[in-house]
Amino acid sequence: MLGTFSPDSFGGMTDTVDAQASLEAVLKDEILRMYQEVADNPDGEFHFYHGREGAERFGYASEWLDRAPPGAVDSFAGVGNPHERADMRPGETVLDLGSGAGLDSIIASWAVGSTGKVIGVDLNPSMCLKAQAHAAATGTTMECHEGRMEEIPLPDASVDVVISNGVINLSFQKRRAVEEMYRVVKPGGRISITDIVSAKQLSQSIVNDPKLWAS
Ligand SMILES: C[S@@+](CC[C@H](N)C(=O)[O-])C[C@H]1O[C@@H](n2cnc3c(N)ncnc32)[C@H](O)[C@@H]1O
């Protein structure tokens, strides 16, 4: 049966769209604040693993953590180890989506070497500056673009490998983010992401809480 729309139902739809847009805006602010805080004050209290302890828990090699600049290690806020299966090779181009303070990009830059390239993308331009400074401190380079994973600022089929660590769960448009990864990866390339999934439907009170969503 075809439904009919009354002025009220249009009003309801508008309310829903407005509510989603405002929740999305609040969430974006909270994400910017939360990860900036991890980068600026890594010794603070966070209810997720971070820093060296988190990275060791996820199997990051001690040599990586000893070699990377302390600022990148202390501000690490990933949820797993995307390097394990990424199989990055010298000369390849790697995209690190949601590159944060740069630890994953720096590890990728060692894997692809001076003939390869690492491109970070992050919502927060000051995280991009931090990541680039951390990379420079180790004598390596990465370029970082301010941008959204839902609209990756790169051409089609332009990278060999996409890595991402703890970022997709932050998106309001997860399908779109995944479509974007497939758009930018070259045919035969690899996508290696570590993220959080829930086997249970989360309650609305959790879904609508920007602090819980952002972490
Ligand atoms: C969980 S941390 C990523 C950790 C990082 N890979 C590391 O090695 O520490 C989340 C990062 O993703 C960025 N981010 C969140 N939402 C984003 C989006 N929609 N597009 C791009 N980056 C985003 C945040 O600004 C933050 O720097």
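We count ligands from 1, going down the list as the structure has it; atoms in each ligand are counted the same way. Bear in mind the structure is a predicted one, so any value in this text is a computation, not a measurement.
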Enquirer: Atom OG of Ser75 and atom CD of Glu37: how far apart are they, to the nearest 0.5 Å?
Expert: 10.5 Å

Enquirer: With distance as the sole test, does Glu92 use its side chain to make a donor-acceptor pair with the main-chain N or O of Arg89 at under 3.5 Å?
Expert: yes

Enquirer: Quick one: table the atom pairs, ligand 1 N or O against protein N or O, below 3.5 Å, distance rounded to 0.1 Å.
Expert:
residue, atom, partner, partner atom, Å
ligand 1, 6 (N), Gly98, O, 3.2
ligand 1, 6 (N), Asp104, OD2, 3.3
ligand 1, 8 (O), Asp104, OD2, 3.0
ligand 1, 9 (O), Ala77, N, 3.0
ligand 1, 19 (N), Glu150, OE1, 3.2
ligand 1, 19 (N), Glu150, OE2, 3.4
ligand 1, 20 (N), Met149, N, 2.9
ligand 1, 22 (N), Leu123, N, 3.2
ligand 1, 25 (O), Asp122, OD1, 2.6
ligand 1, 27 (O), Asp122, OD1, 3.3
ligand 1, 27 (O), Asp122, OD2, 2.7

Enquirer: Short question: side chain of Asn165, backbone of Asn81 - any donor-acceptor pair under 3.5 Å?
Expert: no

Enquirer: For Glu150, does its backbone N or O pair with a side-chain atom of Arg176 as donor and acceptor, under 3.5 Å?
Expert: yes

Enquirer: Quick one: pull up CG in Asp66 and CZ in Arg52 and give me the separation to the nearest 0.5 Å.
Expert: 4.5 Å

Enquirer: What's in the same ILVMFWY side-chain cluster as Val185, cut-off under 4.5 Å, chained through other members?
Expert: Leu95, Leu97, Ile119, Val121, Met149, Ile152, Leu154, Val159, Val162, Val167, Ile168, Val178, Met181, Tyr182, Val184, Ile191, Ile193

